[in-house]
**Q** 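Right, I'll just put the structure down here and ask away after.
Residue numbers start from 1 in every chain, and the chains themselves are labelled A, B, ... in the order their sequence lines are given, proteins ahead of strands.
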Number of protein chains: 2
Amino acid sequence: MRSRLIIWEPVVDAIHPHTAALIRKLESIARLTDEERAALLRLPLRLKTVPADQDIVSEGDTPSECCLIVEGFACRYNVTAQGKRQIQSFHISGDIPDLQSLHLEVMDHNLGTLIPCKLAFIQHDDMRSLMRNHPRLGDLFWRDTLIDAAVFRQWVVNVGRRQSLARMAHLLCELLVRLRAVELVEDHAFELPVTQGDLADAMGLSNVHVNRVSQELRAKGLIALHGKTLKVLDWEGLKRTGEFDPTYLHLVKKEAL
Amino acid sequence: MRSRLIIWEPVVDAIHPHTAALIRKLESIARLTDEERAALLRLPLRLKTVPADQDIVSEGDTPSECCLIVEGFACRYNVTAQGKRQIQSFHISGDIPDLQSLHLEVMDHNLGTLIPCKLAFIQHDDMRSLMRNHPRLGDLFWRDTLIDAAVFRQWVVNVGRRQSLARMAHLLCELLVRLRAVELVEDHAFELPVTQGDLADAMGLSNVHVNRVSQELRAKGLIALHGKTLKVLDWEGLKRTGEFDPTYLHLVKKEAL
DNA sequence: CGATACGTTGACGGAAATCAACCCCGGTGG
DNA sequence: CCACCGGGGTTGATTTCCGTCAACGTATCG
């Protein structure tokens, strides 16, 4: 399984290391042919590095390109009239959070960085011709946006009906599974470089309460924190606490979920 | 504007009155050509009437057809391990709530009726060939699922960061705008045939609290209830209370929002 | 006419918000 | 080199919004 990767991975790195995470992500939700991988690698990219806490696209914008996250942590969010921020999703390497702008002209939310990010912008026209020449990739991108929607639905459940401990456990489970799909998890540990305030805005809680819940998860021996790296000590226990069922992520590789 | 409809509406009714609501809904988010309308009208439908509180599709199912709601109120929902239901969206005439099953094999949530519904089922294969023959309709359906996703995102904001009064006001605003797009609103009044318990499960509140908030909205002169019909007395006030901005519904007809 | 589901009301309790310190640590500049 | 600064993490005290429980009213329907 690892060996399959080796066949093409060096090629990826030689041409566009930036597309590697995207391909990895797409392969987590479908199989790709060599031709499709090659077409993805030929996508023209405009690279950019963005500092932390910066908007990539804002509410009201009408973007003409999509943003691929090569490295870093980003999020979609809205701010209410009372100035409260609600994060709607986290985005990691391989994600194209504003793929929707292909079909929805005006942004109804903001897309911003949480830490410094390496981004690769892809012109809408290039995306469209890619999908015209490779209809299966078009379907796959549609599938990807549908999975995004499934994540939003689960967040509604999480925020609406789970109390804080389960809520946080669920979020951490989701992050672990998604990060593992792009090979950013080793031994049930991953980098979580966001602040407690960011997590609070994602869960509809206050930063103070997130702090307390985080301590409770540690006290129960479910997770451990060393700096910005989070290690899951009891995966089964964390899943149970968060009532986590990964079905909604619609991954094709189901090992070790 | 009304006259444009008259040109084709009788034809619709003559052939498949059941598709009329779908066409009306699609025309609220994009323009259709006569040919596209005709193609939609030729869709083979399997009609079915379903009583209230019945699942149409359940978590874990792998449907081979999509469900068009001809008449009634349905919802998508999940139930947590503690037995709490969270509704993720309401669906009305013209909606195809499980369009996603075209690209996501297994259902990660339930789709159920809230009141007796008239449904029309469309085979996946028929949808696929429709979209193959009319790529613009394919894009349009993709757009439709993206708008669904935008609604989920707003619900995350609503449930996560707005307190009960604003939360309920926002939900009612959304319902009014969506119902108006399929011509189910007259003079700022519409049928809301769901129970307070249903609304509670949609907003992540208790039914008792929904009752109190509903009274508060009435006391403030924002809405009035006569049986199952809800009349918005102060549209501007309700929008302000719910911090409602209809951008996220991505309607093409923007009058009277 | 009773059964049942839904709406309404009041009393009480609890989960999480808010407020206000304080600590810790890495970065910066004098 | 150390003092200062500021962001983030931590803690305790207090408040508030909303949940829960339990009762009662009301309407619809067989």
**Q** Please name all residues satisfying side chain to side chain contact (heavy atoms under 4.5 Å, CB included) with B:V157, sequence neighbours left out, ordered by chain then number.
**A**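 With neighbours one apart ignored, the set is A:N78, A:T80, A:Q86, A:Q88, B:Q154, B:R162.
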**Q** Need one value for A:R218: base, sugar-phosphate or nothing, where a base atom within 4.0 Å counts as base even if backbone is also close, heavy atoms only.
**A**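 Result for A:R218 = sugar-phosphate.
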**Q** Considering only C:dT9, D:dT11, D:dG19, which nucleotide approaches the side chain of B:Q215 most closely?
**A**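 Closest nucleotide to the B:Q215 side chain: C:dT9.
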**Q** Step by step, would you call B:L251 with B:R178 a side chain to side chain contact (heavy atoms under 4.5 Å, CB included)?
**A** CA-CA 9 Å; B:L251 300 178; B:R178 289 177 54 203; over 6 Å; no
**Q** Could you please name the option among D:dC21, C:dT18, D:dC17 that lies closest to any side-chain atom of A:V208?
**A**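 That would be C:dT18.
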**Q** Base, sugar-phosphate, or nothing: which does B:S206 touch, judged by heavy atoms less than 4.0 Å apart?
**A**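 Answer is base: heavy atoms of B:S206 come under 4.0 Å of a base.
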**Q** Can you tell me if the side-chain N/O atoms of A:Q196 get under 4.0 Å from OP1 or OP2 in D:dT10?
**A**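 So the side chain of A:Q196 is within the cut-off, an N or O lying under 4.0 Å from OP1 or OP2 of D:dT10.
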**Q** To the nearest angstrom, how far is A:H209 atom NE2 from D:dG12 atom C1'?
**A**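 A:H209 atom NE2 is separated from D:dG12 atom C1' by 15 Å.
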**Q** Between atom NZ in B:K228 and atom P in C:dA5, what is the gap in whole Å?
**A**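 In whole Å, C:dA5 P and B:K228 NZ are 14 Å from each other.
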**Q** Rounded to whole Å, how long is the line connecting atom CD1 of B:I115 with atom C1' of C:dA5?
**A**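 Roughly 16 Å, once rounded to whole Å.
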**Q** Assess whether one donor atom and one acceptor atom, taken from the side chain of A:R212 and the base of D:dG12, lie less than 3.5 Å apart.
**A**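 Pair found.
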**Q** Using a heavy-atom cut-off of under 4.0 Å over every strand shown, decide if A:G204 touches base, sugar-phosphate, or nothing.
**A**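 Touches sugar-phosphate only.
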**Q** Rounded to the nearest angstrom, tell me the gap between atom NE2 in A:H226 and atom C1' in D:dG9.
**A**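 Taking NE2 of A:H226 and C1' of D:dG9, I get 16 Å after rounding.
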**Q** Atom CG of B:L225 to atom P of D:dA27: distance rounded to whole Å?
**A**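 B:L225 atom CG is separated from D:dA27 atom P by 14 Å.
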**Q** Which of these nucleotides, D:dG19, D:dG8, C:dA20, is closest to any side-chain atom of A:T195?
**A**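 The closest nucleotide is D:dG8.
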**Q** In whole angstrom, give the distance that lies between atom CG of A:D53 and atom C1' of D:dG7.
**A**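 From A:D53 CG to D:dG7 C1': 11 Å.
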**Q** Do the ring planes of A:H170 and A:Y248 sit parallel (below 30°), tilted (30 to 60°) or perpendicular (above 60°)?
**A**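 Parallel: the ring planes of A:H170 and A:Y248 meet at under 30°.
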**Q** Got more than 12 heavy atoms from elsewhere within 6.0 Å of CD, B:Q54?
**A**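 More than 12 within 6.0 Å, yes.
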**Q** A:L205 has an atom CG; how far is it from atom P of C:dG14, in whole Å?
**A**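 The answer, rounded to whole Å, is 20 Å.
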**Q** Using a heavy-atom cut-off of 4.0 Å across all strands, would you classify B:S214 as base, sugar-phosphate, or nothing?
**A**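 Here B:S214 touches no strand at all.
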**Q** Looking at B:Q215, I'd like to know if its CD atom is crowded, meaning that more than 12 non-hydrogen atoms belonging to other residues, nucleotides or ligands lie closer than 6.0 Å.
**A**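 Buried by this count: over 12 neighbours within 6.0 Å.
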**Q** If I take atom CD in residue A:E216 and atom C1' in nucleotide D:dT10, what distance separates them, rounded to the nearest angstrom?
**A**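 Computing the A:E216:CD to D:dT10:C1' distance gives 15 Å.
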**Q** Do the side-chain N or O atoms of A:N211 get closer than 4.0 angstrom to the phosphate oxygens (OP1, OP2) of D:dT10?
**A**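 A:N211 to D:dT10 OP1/OP2: side-chain N or O found under 4.0 Å.
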**Q** Look at all strands and tell whether A:R162 reaches a base, only sugar-phosphate, or nothing, counting heavy atoms closer than 4.0 Å.
**A**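 If one applies the 4.0 Å heavy-atom cut-off, A:R162 turns out to touch nothing in the nucleic acid.
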